[in-house]
2 protein chains.
Amino acid sequence: MGCHYHAAECKRVGGVLSRIGDKWSVLVIIMLGGQPRRFNELKRLIGGISQRMLTLTLRGLERDGLVSRTAYPTIPPRVDYALTDLGRSLLLPLERLSTWAVGNLPRIEAARAQFDRQNAPETMAAADT
Amino acid sequence: MGCHYHAAECKRVGGVLSRIGDKWSVLVIIMLGGQPRRFNELKRLIGGISQRMLTLTLRGLERDGLVSRTAYPTIPPRVDYALTDLGRSLLLPLERLSTWAVGNLPRIEAARAQFDRQNAPETMAAADT
DNA sequence: CAGAATCCCGGAAGATACTG
DNA sequence: CAGTATCTTCCGGGATTCTG
């Protein structure tokens with residue numbers, strides 16, 4: 001008891017989490033939460049992501065069935081990305097985690113600051129004499 | 001509307017997720033969910049983690065105030081790791097995500113397999129003639 | 001506009017050896 | 001037992017260039 005997961009299940013959970021836990025996936029999913037978006041629209045909204053990483057992130061999410069890709073063969077080309085049903089079903093647990101994150105970020109940052117103060121990197125030997 | 005997050009909040013969420021979304025943190029947190037554990041106990045339970053990464057992961061979680069470290073100055077040394085209140089409060093949203101992950105993993109793997117079948121890497125030119 | 005291809009660097013992480 | 005130290009390898013990801 002205590003841990004009600006088998007090791008295999010833990011790894012699976014870890015696998016999914018490292019899937020969406022990469023640098024950009026969550027941002028993309030959240031940005032697609034309301035409505036479909038086009039490639040450069042996503043790029044602008046997220047800000048700071050390279051087109052390469054956006055492409056790779058979207059490919060990964062598409063591969064996992066979380067995002068659908070619709071290309072219109074027009075000129076200039078237009079591609080819409082949207083959450084699939086599976087992707088939308090992830091939105092709720094993700095928001096729960098978001099709520100936790102937003103609500104507890106102050107605590108985390110405080111703990112971090114205190115930890116760093118106690119394990120002073122250096123400059124302490126000179127300062128505290 | 002649609003996206004009820006500001007960009008800054010999205011990034012914060014992403015930050016926390018990349019914190020716990022690394023390769024091992026979630027596993028450690030879940031393993032500590034039931035009861036405190038000792039270092040090598042965690043190592044054995046998780047399996048496949050190097051002592052280096054376990055140390056770093058635990059340090060990170062301790063720094064963020066999610067895990068507490070208690071060292072008993074005995075010989076041989078004994079160190080207990082446990083979730084803090086903050087860490088325990090993460091357990092619930094994490095379990096929600098776990099539930100989603102476990103429940104939807106078949107779908108994800110199916111989507112993945114199909115995607116890979118359609119975008120056949122190579123060896124198809126020779127096989128399908 | 002929406003990518004694909006290439007180059008490149010820094011950090012993540014494994015393996016190994018040593019220690020209080 | 002519970003780490004630290006070092007070395008090395010691998011790959012995530014940025015910048016840039018080219019295309020349909």
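To find a chain, count down the sequence lines: A is the first, B the second, and so on, and within it residues start at 1.
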Just report the end-to-end axis angle for the helix from C:dC1-D:dG20 to C:dG20-D:dC1, five pairs per end, to 10 degrees.
-> 50°
Is there a residue in residues 56-71 of chain B whose heavy atoms reach under 4.0 Å of DNA chain C, and which residues are they?
-> none
Using the test salt bridge (Lys or Arg N to Asp or Glu O under 4.0 Å), find all partners of B:Arg107 that sit at least two apart in sequence or belong to another chain.
-> none
Side chains of B:Val28 and B:Leu58: does their closest heavy-atom pair fall under 4.5 Å?
-> yes
side-chain contact (heavy atoms from CB on, under 4.5 Å) between A:Leu97 and B:Leu90: does it pass, once the steps are laid out?
-> CA-CA 8 Å; A:Leu97 206 57; B:Leu90 177 55; 3.9 Å; yes
Reckon B:Tyr72 touches a base, only the sugar-phosphate, or nothing at all at heavy-atom distances under 4.0 Å?
-> nothing
In chain order, what residues pass the side chain to side chain donor-acceptor pair (under 3.5 Å) check against A:Arg78, with sequence neighbours excluded?
-> A:Asp80
How close or far is atom P of D:dC1 from atom CG of B:Asp80, stated in whole angstroms?
-> 14 Å
B:Asn40 CG to D:dG3 C1': how many Å, rounded?
-> 9 Å
Not counting sequence neighbours, list each pair that qualifies as a side-chain hydrogen bond (donor to acceptor under 3.5 Å, both in side chains) and has a residue in residues 45-61 of chain A.
-> none
Could you name each residue pair satisfying side-chain hydrogen bond (donor to acceptor under 3.5 Å, both in side chains) that touches residues 83-92 of chain A, not counting sequence neighbours?
-> A:Asp85-A:Arg88, A:Ser89-B:Trp100
Here the distance between atom C1' of D:dC1 and atom CZ of B:Arg44, to the nearest Å, is 11 Å
d(CZ, A:Phe39; P, C:dG3) in whole Å = 5 Å
B:Arg112 meets the salt bridge (Lys or Arg N to Asp or Glu O under 4.0 Å) criterion, sequence neighbours left out, with A:Asp64
Expressed in angstrom and rounded to an integer, what is the separation of A:Ile75 atom CD1 from C:dC1 atom C1'?
-> 11 Å
Please name all residues satisfying side chain to side chain donor-acceptor pair (under 3.5 Å) with B:Glu41, sequence neighbours left out, ordered by chain then number.
-> B:Arg37
Sequence neighbours excluded, which residues qualify as side-chain contact (heavy atoms from CB on, under 4.5 Å) partners of B:Ala110?
-> none
Output one line per pair: protein atom, nucleotide atom from nucleotides 14-20 of chain C, and distance, for all N/O pairs under 3.5 Å.
from   : atom 1 : to      : atom 2 : distance (Å)
C:dG14 : OP1    : B:Lys23 : NZ     : 3.0

